[in-house]
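Lettering follows sequence order; numbering is per chain, from 1. All heavy atoms count here, side chains included; hydrogens, waters and symmetry mates do not. Please read these numbers as outputs of a predicted model, since none were measured by experiment.
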Amino acid sequence: MLDIKWIREKPDLIREAAALKRIPCDVDRLCAVDERRRAIQKELDDLRAESNELGPQMALFSNPKSDWYKRAVADGRTPEDIQALAAQTRQKLSDIKARIKTREEEARAIGEEFDQLMLTMPQPAAPEVPIGKDDSENVVLRHEGQVPSFAFEPKDHVALGTELGIIDVERGVKLAGARNYILRGDGAMLHYAVLRLAQDLMISRGFTPMVVPVLVRESVMYGTGYFPIGRDQAYLCERDEMSLVGTAEVPLTAYYTDEVLEEDQLPVKSVALSTCFRREAGAAGKDTYGLYRIHLFDKVEQVVVCRNDEEESIRFHHEILANAEAVLQALGLPYRVVNVCTGDLGQGQVQKFDIETWMPSRNSYGETHSASRFYEFQARRLNLRYRDKDRKLRFCHTLNNTVIASPRILIPILELYQNEDGSVTIPPALRPYMGGKERIVARGQS
RNA sequence: GGAGAGGUGGCUGAGUGGCUUAAAGCAACGGUUUGCUAAACCGUCGUGCGGGAAAUAACCUGCACCGGGGGUUCGAAUCCCCCCCUCUCCGCCA
């Protein structure tokens, strides 16, 4: 959500942002509606002011003990006079009431349209974001790690996992349809291992571990900016008017909704492991093979809520990016960091760095992490504020990044650590989480 | 799921139709006094949206807000209806 006052002053900025982000929104309509809304509000306020002035007089007219009544009688008015005056005022108030009623109906209609329009306004991207139409125009900032070459013909993760008996796509689909899977034995263990490694690293870096709801009210989805644009990506539990989250970012960021924090409580750094549910609507036919694009996965997510200060936000943005990189470095995976272009940014994102990890079966880098900063965008929607040093209320800034998402991260792990005999070497950093095991071999072998 | 109790400012807590512009206390902030701390005293003390004052801070002013939404009334924190949430007990249950 943006500040309407700001939009009013600089509608061109929003128009430009919408064009660059390729997000449809009608700034002109919003401005027109805003003007009308304020005019109606002014009329309503004036009518109510009049009503508030006349109303209390009624109490005096009907109370012979009031000072006003006594004075009126002393001035020679009869009770009949006063009664007539009361009737006249009552009539006047009734008229005002009727006018208020029609104005209120207008105000409600225009207010709803205003709210809907406001929810679609995009946050302008930072100047350092490259301009581009889609992910093909993202800019690679740097490469880390060495992309290996194999002395043998490498297998993809599905072939490897199936032969090792640790990935079972077929039965996953049998139970739950396309884009589902089952991890088994060391596959499940590997999945848990990466999640635990990620959590431990974040906790050691001062993030508070949280266990949070993954089924939330729709207002929370609106507040974090996933609704209304993107609502078709969510699984809804309509009977209960709840939505399954696609990331723990949602409950972590919304944690302090409608609250006022003290400045010295900031920054709030939290981390949560959660299951993530995504419908992948509109992705039909895309990445249909393997564990890359699936309906359900587990993810460790980091969230920072900080002061309303762009420099501070940028500093934390780099910090959460570095946290994710530390995990990939611990796992020994080659990756690159990408500056996501305007056309690939979400509605509320100011800037986004994706980390793409090398995946041999794709013969390219595939997105495994996504670090975003929002400035006030989410905090405004969530009404998440703090009191600054001058005792003034300000909206917080929010940021988030993946720490690790599995099983997608198992793709590079399995494929990069595979051996010629079809076994997979377990990255040293994960061995403590797998009972010290060093290799995954097919069942039946030792 | 059943029964009951309750939701008032940062907190505690009065207030059952019109001198309530929501009392009072605590906390907080500013000040005075004081070897220091504490205490005492004085003052300030909500949020949002408008309007005005040279200004989109802290001055003036209008409106709204007593869990949310409707309704009755000239007038609702107060009366009626629906919903949400919290607590207690019962039932079911990982």
Only distances under 3.5 Å count here; give the side-chain donor-acceptor pairs of residues 272-282 of chain A to other protein atoms, sequence neighbours excluded, each with its distance to 0.1 Å.
from, atom 1, to, atom 2, distance (Å)
A:Thr275, OG1, A:Asp298, OD1, 2.7
A:Arg278, NE, A:Gly246, O, 3.0
A:Arg278, NH2, A:Gly246, O, 2.9
A:Arg279, NH1, A:Asp232, O, 2.7
A:Glu280, OE1, A:Arg293, NH1, 3.1

If you look only at distance, which donor and acceptor atoms sit under 3.5 Å apart when one is on a side chain in residues 121-133 of chain A and the other is two or more places apart or in another chain?
from, atom 1, to, atom 2, distance (Å)
A:Gln123, NE2, A:Phe374, O, 3.3
A:Glu128, OE2, A:Arg373, NH2, 3.2
A:Lys133, NZ, A:Glu137, OE2, 3.3

Can you give the donor-acceptor pairs under 3.5 Å from side chains of residues 44-54 of chain A to other protein atoms, not counting sequence neighbours?
from, atom 1, to, atom 2, distance (Å)
A:Asp45, OD1, A:Gln41, NE2, 3.1
A:Asp46, OD1, A:Lys42, NZ, 3.3
A:Arg48, NH2, A:Glu104, OE2, 2.8
A:Asn52, ND2, A:Arg48, O, 3.3

Can you give each donor-acceptor pair under 3.5 Å made by side-chain atoms of residues 192-200 of chain A, sequence neighbours left out, with the distance rounded to 0.1 Å?
from, atom 1, to, atom 2, distance (Å)
A:Asp200, OD2, A:Tyr433, OH, 2.6

Per-pair distances, 0.1 Å, donor-acceptor, side chain in residues 221-228 of chain A, under 3.5 Å, sequence neighbours excluded:
from, atom 1, to, atom 2, distance (Å)
A:Thr224, OG1, A:Val220, O, 2.8
A:Thr224, OG1, A:Met221, O, 3.4
A:Tyr226, OH, A:Glu249, OE1, 2.6

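Sorted by first then second residue, the salt bridge (Lys or Arg N to Asp or Glu O under 4.0 Å) pairs that include residues 206-223 of chain A, not counting sequence neighbours, are A:Glu218-A:Arg231. Among pairs with a residue in residues 108-121 of chain A, those fulfilling side chain to side chain donor-acceptor pair (under 3.5 Å) read A:Arg29-A:Glu113, at least two apart in sequence or across chains.
OP1 or OP2 of B:rG50 sits under 4.0 Å from a side-chain N or O of A:Arg8.
Comparing B:rU47, B:rC49, B:rG51 against the side chain of A:Arg387 picks out B:rU47 as the nearest.
With a 6.0 Å cutoff to the six-membered ring centre and a 45° limit on the axis angle, A:Arg307 does not count as a cation-pi contact of A:Tyr386.
A gap of 39 Å separates the P atoms of B:rC82 and B:rG25, to the nearest Å. Distance noted for atom P between B:rA54 and B:rU47: 25 Å (whole Å). Of the P atoms belonging to B:rC87 and B:rG69, the separation is 23 Å, rounded to the nearest Å. B:rU73 and B:rU78: their C1' atoms are spaced 13 Å apart (whole Å).
In this structure, A:Arg394 reaches neither bases nor backbone, as no heavy-atom distance under 4.0 Å exists between it and the strands shown.
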Summary of protein contacts for nucleotides 59-68 of chain B, nucleotide by nucleotide, where a base hit scores B, a sugar-phosphate-only hit scores S (4.0 Å, heavy atoms)
---BSS----
Assign a letter to each nucleotide of nucleotides 70-78 of chain B from its 5' end: B, base within under 4.0 Å of a protein heavy atom; S, sugar-phosphate only; -, no contact.
SS-BBS---
Using the rule given for side chain to side chain contact (heavy atoms under 4.5 Å, CB included), can you reason through A:His397 versus A:Asp309, listing the C-alpha separation, both sets of side-chain angles and the distance that settles it, and then say yes or no?
CA-CA 7 Å; A:His397 278 190; A:Asp309 181 301; 5.6 Å; no
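With sequence neighbours left out, the ring pair (Phe, Tyr, Trp, His ring centres under 6.0 Å) criterion links A:Phe316 to no other residue. Take A:His317 and apply the ring pair (Phe, Tyr, Trp, His ring centres under 6.0 Å) test, not counting sequence neighbours, and it matches A:Phe353.
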Each base of RNA chain B marked ( ) or [ ] if paired in-strand (Watson-Crick or G-U under 3.5 Å), | if paired to another strand and . if unpaired gives ((((((((.[[[..)..(.....]]].(((((.......))))).(((((((......))))))).[[[[[..)....]]]]])))))))....
